[in-house]
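Worksheet: the structure to be examined is printed underneath.
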There are 2 protein chains.
Amino acid sequence: MKNFSRQRQAVIDVLCSTKTHPSAAWIYEKVRETIPNISLGTVYRNLALLESEGIIRKVSVGDSSEHFDGDTSMHSHFYCKGCKQITDIPFDTTDDCKKLEEKTGLSVESATYTFVGVCTNCNKNKN
Amino acid sequence: MKNFSRQRQAVIDVLCSTKTHPSAAWIYEKVRETIPNISLGTVYRNLALLESEGIIRKVSVGDSSEHFDGDTSMHSHFYCKGCKQITDIPFDTTDDCKKLEEKTGLSVESATYTFVGVCTNCNKNKN
DNA sequence: ATGAAATCAGTAAAGATTACTATTTTGCAA
DNA sequence: TTGCAAAATAGTAATCTTTACTGATTTCAT
């Protein structure tokens, strides 16, 4: 087990305490409740570092900002165009990655499968 | 067939003439070769408009900028962490979307499946 | 022709991310 | 312990990406 700095641990804690797939700015605000003078740069640096080590994941849904996910277990995402929320989908991409490797010779390390549409709640509230 | 403005048509033409999945900035520079005084805002506005009408696609790979694709036929993408290039993968997500709809009741309109790893060329040049 | 709607160029502003620097913290070896 | 090098941080500036705005221009159906 590695020894994380207080700031790095706080970023992990905030990210693991939510299922909302937040942005860096949101994480920054949350961590500030515990460490009021943490720097936004520190949040970004730690997010990048943690992602490169596979401790957290980056989630891109096309809203011109990156989102992060503390849950590294195998799953995919659904992005609602209405409420802009990202929710988890239990879809395993492992087999597709393997197949792609075998077929193409590419080194496939991971995959992100993002479904886009309108969630049940937003569908209800349509006018 | 719709009647596009010169600027809008130029954006389409540039995007359809490449397989590189370019960013808005790249498209802007390319279109400027034909229309030197086109505005970057015009490029963004038309990209957003064309995407909302399903004429082009947005591709997010997690490099903190959006990419665009003039090829709307069903396919997925591979993102090389080495050379940062995006290439097409012939993978059909239609069935997965349908299954997800049936299972969850969500309105699934589309999906983006992005495989991440290292391409054969970058693998060769590793040190 | 002509007037409303759409589109545009140019620019400003906002939002997201990265870079930089001086300071502080950490871990380890003497 | 103490000292020192490496790592990490706060604070800020700078950059990059995207959106918003405004007045002028174009389009197009009447």
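Throughout, protein chains are lettered first and strands after them, A, B, ... in sequence-line order, and every chain is numbered starting at 1. Quick caveat: nothing in here was measured; it's all calculated off a predicted structure. These numbers come from the heavy atoms of this one structure, side chains and all, not from hydrogens, waters or symmetry mates.
Counting non-hydrogen atoms under 4.0 angstrom, B/Arg45 reaches a base of the nucleic acid. Backbone-only engagement by A/Ile38 is indicated by non-hydrogen atom pairs under 4.0 Å involving sugar-phosphate atoms exclusively.
Taking 4.0 angstrom as the limit, A/Asn46 places a side-chain polar atom (N or O) nearer than this to OP1 or OP2 of D/dT9. Side-chain N/O atoms of B/Tyr44 include one lying less than 4.0 angstrom from OP1 or OP2 on D/dT18. A/Thr42 has a side-chain polar atom (N or O) that falls below the 4.0 Å cut-off from OP1 or OP2 of D/dA10. Considering only side-chain N and O atoms, B/Arg6 lies nowhere under 4.0 angstrom from the phosphate OP1 or OP2 of D/dT27. Dashed line: the shortest gap from a side-chain N or O of A/Gln7 to OP1 or OP2 of C/dT25 is not under 4.0 Å.
Taking the six-membered ring where the residue is Trp, A/His75 and A/His21 present tilted rings, their angle falling between 30° and 60°.
Straight-line distance from the CD atom of A/Gln9 to the C1' atom of D/dA8: 15 Å, rounded to whole Å. Per the geometry, CG belonging to B/Asn37 stands 18 Å off P belonging to C/dT7, to the nearest Å. The distance from atom CH2 of B/Trp26 to atom P of D/dT18 is 16 Å, rounded to the nearest whole Å. Distance B/Glu29 CD to D/dT17 P: 11 Å, rounded to the nearest Å. Put simply, CZ on B/Phe4 is 16 Å from P on C/dA6, counting in whole angstrom units. Here C/dT18 presents its P atom at 13 Å from CG of A/Leu49, a figure rounded to the nearest Å. Taking atom CD1 on B/Ile35 and atom P on C/dG10, their separation rounds to 12 Å, with Å as the unit.
Ion pairing between A/Glu29 and A/Arg32 holds under the 4.0 Å rule for side-chain N and carboxylate O.
A donor-acceptor contact shorter than 3.5 Å is absent between the side chain of B/Ser60 and the backbone of B/Gly62.
Considering only side-chain atoms of A/Ser5, the nucleotide from C/dA9, C/dT17, D/dA8 that sits closest is D/dA8. When distances are taken from the side chain of A/Asn3 to each of D/dA10, C/dG27, C/dA9, the shortest belongs to C/dG27. Counting only heavy atoms from C-beta on, A/Arg8 has its side chain closest to D/dA8 among D/dA8, D/dG11, C/dA16. Minimum atom distance to the side chain of B/Ser39 is reached by C/dT11, of the listed C/dT18, C/dT11, D/dG11.
Separation of atoms OH (A/Tyr79) and NZ (A/Lys84) is listed at 4.5 Å; rounding is to 0.5 Å.
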Review point. Taking it one step at a time, do B/Phe78 and B/Phe115 satisfy ring pair (Phe, Tyr, Trp, His ring centres under 6.0 Å)?
Key: CA-CA 5 Å; B/Phe78 176 81; B/Phe115 299 90; 7.7 Å; no

